[in-house]
Protein chains: 2
Amino acid sequence: MTSPARKPSRIQTENRQRIRDAALGLFATHGFRGTTLDQIADACGMHKPNLIYYYDSKEAIHIDLLNTLMEEWLSPLDAMDAEGDPLEEIIGYIRRKMEMSRLYPRESRLFANEIVQGAPRMLPHLESTLKPLFDKQCGIIAKWMNDGKIAEMHPAHLIFSIWAVTQHYADFEAQIAVLLPGDDKRARGADQFVEMMFRKVLTP
Amino acid sequence: MTSPARKPSRIQTENRQRIRDAALGLFATHGFRGTTLDQIADACGMHKPNLIYYYDSKEAIHIDLLNTLMEEWLSPLDAMDAEGDPLEEIIGYIRRKMEMSRLYPRESRLFANEIVQGAPRMLPHLESTLKPLFDKQCGIIAKWMNDGKIAEMHPAHLIFSIWAVTQHYADFEAQIAVLLPGDDKRARGADQFVEMMFRKVLTP
DNA sequence: CAAGTTTTTTACCATTTGGTAAAGTTACGA
DNA sequence: TCGTAACTTTACCAAATGGTAAAAAACTTG
């Protein structure tokens, strides 16, 4: 649509990746407006105009990150299989979400920033991509409940609570680090707690 | 320390309040860097230099908001009474947190923004004010568990999960509005769900 | 290896933004 | 009601910031 869309060169692929990696960390911690092009350039050892050579604007970097994020973010939810064992499917989903919180806290915070601020760049994407998947998976959960495999409750709120609890460990890490100053073993304690909690909630 | 600390005039009290109110909404949605003094001035019908007359700097407004917030934010946790009925004390705390999410979403988002960004202006406050209270209330909960009044689990993670779930409804409202497009009745559904969930978790 | 293409760098610009100076206006106590 | 202190407004400013122009350098390919 924009340019003739030639396949990107090796250097292009590499440098776009470097830019995204640097921008991800900065946008996640300082927000969009709180991050400057100079900071991004610094963080990836490039010069400001070089960024603009690879991305049309600061906003283009942000949008690219959000788009990439969206797919990775949804895949665990999508992986919840209607044919599997209900309790283990949901617990498996929770485990994957906890793992993502631990492995990709920057992505979690980038997403949190975007949503807290009213999802200015993501709303359409939420409507078109997240909503259908969400509705479908809510349907699966509702059926499991109907069949008496797991306890009866509002499926949407169940998913919200899973998101809330799992992402909390990434998004509010600064607070948790103050309150639970032990080393990173707190991660394991969290995993155990969260799994126990939802097992109890879901058992009929 | 700064000025002779005379008692503030009526106009001063009023206008400081107007400024805080306007700034709260803007900081909550756009973050600190994403909010300009001109926006704040606009939002409260004042001129930019007038803001600086009442607050030394943009940062001073932000800090004042965070300090005020901290106290209001902690009072429900503080209200959890060791002498009361354990289950009802915790459920009462959860109800109050849900209510705050509904009544004060701006405060919740301001706090979320600050923590997601690593709590740059709040870390000392968290250490000195939140931490002691948190430890004390964790102790109370642990005792309740020891006495067999509620189910045994990690008290700190229990509190984290309460914070996560209740604040989620304020902080991620944009997402929830897309996924549960019903009117505000979703608030009631949320209240019911959350109370049911934690009752189940806490029952021995 | 020469010509052309892609990538990087230097110098620069317009706008935005936090904040100041100082004149003008209003409120308020004696 | 008059003088002074509190408050508001207008006109600015310096630094930061997103982005551009164009030359220089590096890479590719016939």
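Since this is a predicted model, take the numbers as computed values, not measurements. A note on names: the letters A, B, ... follow the listed sequences, proteins ahead of strands, and every chain is numbered from 1.
- Note: CZ (B:R16) to P (D:dT8) measures 11 Å, nearest angstrom.
- A straight line from NE2 of B:H30 to C1' of C:dT17 spans 16 Å, rounded to a whole angstrom.
- Minimum atom distance to the side chain of A:S57 is reached by D:dG19, of the listed C:dG18, C:dT8, D:dG19.
- When distances are taken from the side chain of B:Y54 to each of D:dC7, D:dT17, C:dT17, the shortest belongs to D:dC7.
- To the nearest angstrom, P of C:dG18 lies 17 Å from OH of B:Y55.
- The aromatic rings of B:F27 and B:H62 stand perpendicular to each other, their planes meeting at an angle above 60°, with 30° marking the opposite boundary.
- The separation between B:H62 atom NE2 and C:dT17 atom P is 17 Å, rounded to whole Å.
- For B:P49, the side-chain atoms get nearest to C:dA21 when compared with the rest of C:dA21, D:dG19, D:dT8.
- Looking at which nucleotide of DNA chain C each of A:Y53 and A:K48 is closest to, the 5′-most match is held by A:Y53.
- The nearest whole Å value for the distance from the CE atom in B:M46 to the P atom in D:dC7 is 10 Å.
- Candidate nucleotides D:dG18, C:dT7, D:dC7 were compared by shortest atom distance to the side chain of A:N15, and C:dT7 ranks first.
- Remark: the A:H157 side chain and the B:Y169 side chain contain an N/O donor-acceptor pair separated by less than 3.5 Å.
- In this structure, B:I52 atom CD1 and C:dT17 atom C1' are separated by 11 Å, rounded to whole Å.
- Closest contact between the side chain of A:K58 and the listed nucleotides D:dT8, C:dT8, D:dG18 involves D:dG18.
- Relative ring orientation between A:F134 and A:F160 is described as parallel, the plane-to-plane angle staying below 30° on a 0-90° scale split at 30° and 60°.
- In summary, the side chains of B:R33 and A:H30 do not present any donor paired with an acceptor at a separation below 3.5 Å, with no hydrogens or angles considered.
- Checking A:Y54 against A:R20 by side-chain atom types alone, no donor-acceptor pair falls below 3.5 Å.
- Candidate nucleotides D:dT10, D:dT20, D:dG18 were compared by shortest atom distance to the side chain of B:H47, and D:dT10 ranks first.
- Taking side-chain N and O atoms only, A:R33 has a distance below 4.0 Å to OP1 or OP2 of C:dT17.
- Atom P of nucleotide C:dT20 and atom CG of B:L37 are separated by 11 Å, given to the nearest angstrom.
- Atom-to-atom, CD of B:Q12 to P of D:dA5 comes out at 15 Å; the value is rounded to the nearest Å.
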